[in-house]
Amino acid sequence: MYLTRKLKLGKTDQLDRLARRAGKLWSTVAKWHWRFVDRQGYWLSKGQAQKMYCKGFDGLHSQSAQAVADSFYDSLQSWRKKRKNGDYEGLRPPYKQKRYFKVQWKSGAIKLRDDGVLRLSNGRGNNPVLIDWPSGQEPKRVEIGWDGDQYELRCQYEVEEDQEPKGTKKAGVDLGERHLATVYVENGENVSVHGGRLRSLRRQHNRMLSTLRSKIDRKEKGSRRWKRLARAKDRQLRKIRNQIEDFLHKVTTRLVNVLHERRTGTVVVGDLTGIRERIKYGDRMNQRLHQWAYSKFEHMLTYKAQLRGMTVERASEAYTSQTCPSCEHRHKPNGRDFNCPQCSFEAHRDVVGARNILNERYPGATQVAGEMASPTGVRYRPHMRTEPTSSESQRCNPATAGKTCTEPKGSCGQAGRPVG
């Protein structure tokens with residue numbers, strides 16, 4: 001497994017030169033690719049472009065130059081795939097020229113010296129990039145790009161999955177927009193991750209973006225006040241994006257630790273590929289769904305679970321929240337509770353979905369008799385601990401959304417406040 005480590009580098013003349021050289025190469029590849037298409041009706045292959053424009057390109061290592069062409073053709077291939085599937089409305093292929101572009105190094109151009117300095121080669125006759133590397137492990141791939149304020153080093157390095165799961169239980173995970181994840185643990189306690197904090201940050205992001213855009217539009221483009229507002233917009237939105245990233249990291253780490261404590265060995269996650277194209281709920285709800293960070297949440301959950309020795313699999317989530325786990329009668333529930341009209345089975349809707357996702361991958365692995373327990377909640381707090389504690393087994397039930405919490409203050413810290 002590969003993980004990414006980031007390091008802020010500031011801004012230097014050497015990094016500026018490298019980024020400009022990479023931008024010039026990108027522009028050259030893009031310009032001549034589309035000239036071949038317009039004049040001869042011929043699409044250059046990646047290998048042809050690398051041989052014609054990357055070989056002997058001065059100022060970059062040969063592998064770094066090839067990586068620029070790789071990035072262009074990866075973007076082009078993604079656009080062609082979406083065009084073939086009919087999902088490319090409003091999307092345009094990569095054609096714009098760039099003044100700056102990210103610089104990438106592969107393993108052949110990376111060396112970690114004995115003094116802890118990371119050496120990134122830039123080809124014969126050019127000074128290498130030297131960086132004090134805080135880790136003793138040599139990365140396999142390195143990228144330097146602009147993060148909005150300064151250059152940022154992104155290193156991918158290999159890690160071993162050296163931990164063993166505590167047990168062999170299976171768990172199904174139903175991803176959602178209101179509750180980010182609801183987990184059905186086989187013969188165990190069900191868990192729900194509340195997404196109220198993420199929804200609040202998204203609303204703050206949208207309001208701030210709308211307000212600052214309206215102010216910018218009233219200024220003359222390029223003026224001093226226009227530039228000041230544009231910088232303020234980038235700064236404020238970047239702050240919110242960092243808060244969202246922090247939130248997702250904390251709740252996924254907490255959830256994986258809870259599953260590890262529950263002796264889970266296999267995690268089955270519902271596959272939501274293409275969900276944004278399949279559903280239409282109006283402008284406001286569509287905006288929320290298109291800002292739904294399920295892919296990033298799933299990615300974090302997957303690699304963190306694998307680091308704890310768990311196996312992560314995927315299963316179709318179609319109709320999982322509408323199928324009764326007791327009699328398999330399909331019924332679309334109203335609200336957060338599932339009440340089967342056929343057999344009078346009652347449970348939380350998201351728990352039903354998580355159980356059916358697990359049963360989709362392992363048919364007959366879970367047997368349901370009577371009611372299923374409502375999930376306990378994993379809530380976000382800015383400085384919350386990532387390790388679960390025994391006192392946290394009593395959590396607010398998300399099925400009681402809209403009601404008043406009556407739990408003792410020591411159990412969830414939310415006594416007397418609205419729940420859900």
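Small disclaimer: the values here were computed from a predicted structure and weren't measured.
Note that Arg330 lies in the cation-pi zone of Tyr319, set by a 6.0 Å cut-off to the ring centre and a 45° limit from the axis.
A salt bridge links Lys8 with Asp147: at least one charged nitrogen is closer than 4.0 Å to a carboxylate oxygen.
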- Item | Evaluation steps, side-chain contact (heavy atoms from CB on, under 4.5 Å), between Cys54 and Leu25 | CA-CA 8 Å; Cys54 300; Leu25 180 56; 4.2 Å; yes
- Please assess Gln48 against Ser45 for the test side chain to side chain donor-acceptor pair (under 3.5 Å), listing each intermediate value before the final yes or no. CA-CA 5 Å; Gln48 290 172 327; Ser45 68; 3.3 Å; yes
- So Val267 and Thr302, side-chain contact (heavy atoms from CB on, under 4.5 Å) or not? Walk me through it. CA-CA 9 Å; Val267 180; Thr302 298; over 6 Å; no
Cut-off 3.5 Å, no hydrogens considered: what does the side-chain donor-acceptor table look like for residues 111-118, sequence neighbours left out?
{"from": "Arg113", "atom 1": "NE", "to": "Asp115", "atom 2": "OD1", "distance (Å)": "3.3"}
{"from": "Arg113", "atom 1": "NH2", "to": "Asp115", "atom 2": "OD2", "distance (Å)": "3.0"}
{"from": "Asp115", "atom 1": "OD1", "to": "Val117", "atom 2": "N", "distance (Å)": "3.3"}

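In Arg241, the CZ atom is crowded: over 12 heavy atoms of neighbouring residues, nucleotides or ligands sit closer than 6.0 Å. Surrounding CD of Glu328 are at most 12 heavy atoms belonging to other residues, nucleotides or ligands under 6.0 Å away. Atom CG of Asn242 has more than 12 neighbouring heavy atoms from other residues, nucleotides or ligands inside a 6.0 Å radius. Annotation: Asp38, atom CG; neighbour count of heavy atoms from other residues, nucleotides and ligands within 6.0 Å is above 12. Other residues, nucleotides and ligands place more than 12 heavy atoms under 6.0 Å from the CZ atom of Arg238.
Side-chain atoms of Ser27 come within 3.5 Å of backbone atoms of Gly23 as a donor-acceptor pair (strictly under, hydrogens ignored). With hydrogens and angles ignored, the 3.5 Å screen pairs a side-chain donor or acceptor of Asn257 with a backbone N or O of Thr253. For the pair Ser210 (side chain) and Asn206 (backbone), a donor-acceptor distance under 3.5 Å is absent. A donor-acceptor pair under 3.5 Å is absent between the side-chain atoms of Glu298 and the main chain of Gly270, judged by distance alone. Proximity of a side-chain donor or acceptor of Trp26 to a complementary backbone N or O of Lys102 within less than 3.5 Å is not detected.
When all heavy atoms are compared, the tightest approach of Met52 to Leu44 is SD-CD2, 4.2 Å. In terms of heavy atoms, Ala171 sits closest to Thr264 at CB-CG2, 3.8 Å. Listed here is the closest heavy atom pair of Gly10 and Gln150: N-OE1, 2.9 Å. Nearest heavy atoms, Phe345 versus Ala347: CE2-CB, 3.6 Å. Residues Gln63 and Gly108 come closest through the heavy atom pair OE1-N, 3.6 Å.
Screening Tyr73, Trp43, Tyr95, Tyr53 for a side chain to side chain donor-acceptor pair (under 3.5 Å) with His33, the sole residue that qualifies is Tyr73. Shown are His260, His299, His249; of these, the side chain to side chain donor-acceptor pair (under 3.5 Å) with Lys304 is made only by His249.
Rounding to the nearest 0.5 Å places OG1 of Thr182 at 15.5 Å from CZ of Arg355. Summarising the geometry, atom CD belonging to Glu143 is positioned 8.0 Å from atom CD belonging to Gln156; distances are rounded to the nearest 0.5 Å. The CD1 atom of Ile240 sits 12.0 Å away from atom CZ of Arg235, with the distance rounded to the nearest 0.5 Å. From Ile144, atom CD1 reaches atom OH of Tyr151 across 9.5 Å, with rounding to the nearest 0.5 Å. Within the model, atoms OG1 of Thr168 and CE of Met310 stand 12.5 Å from one another, a figure rounded to the nearest 0.5 Å. For the atom pair Leu153 CG and Trp133 CH2, the distance stands at 5.5 Å (nearest 0.5 Å).
Side-chain contact of Glu186 with Tyr362: a donor-acceptor pair under 3.5 Å is absent, judged by distance alone.
Listed by chain and number, the residues in a salt bridge (charged side-chain N to carboxylate O under 4.0 Å, His left out) with Arg119 amount to none (sequence neighbours excluded).
Val352 is listed as a side-chain neighbour of Asn356, based on a closest heavy-atom distance under 4.5 Å. Considering only heavy atoms from C-beta on, Ile357 stays 4.5 Å or farther from Asp271 through its side chain. Contact annotation: the side chain of Trp105 approaches that of Val129 to within less than 4.5 Å [non-hydrogen atoms, C-beta and beyond]. The shortest side-chain heavy-atom distance between Tyr100 and Arg20 falls under the 4.5 Å cut-off. Counting heavy atoms from C-beta on, the side chains of Gln342 and Cys324 never come closer than 4.5 Å. For the pair Cys327 and Cys340, the minimum side-chain heavy-atom distance is below 4.5 Å. When side chains are defined from C-beta on, Gln66 does not count as touching Gln104, because their heavy atoms never get closer than 4.5 Å. Under the 4.5 Å side-chain criterion, counting only non-hydrogen atoms from C-beta, Ile244 is in contact with Arg202.
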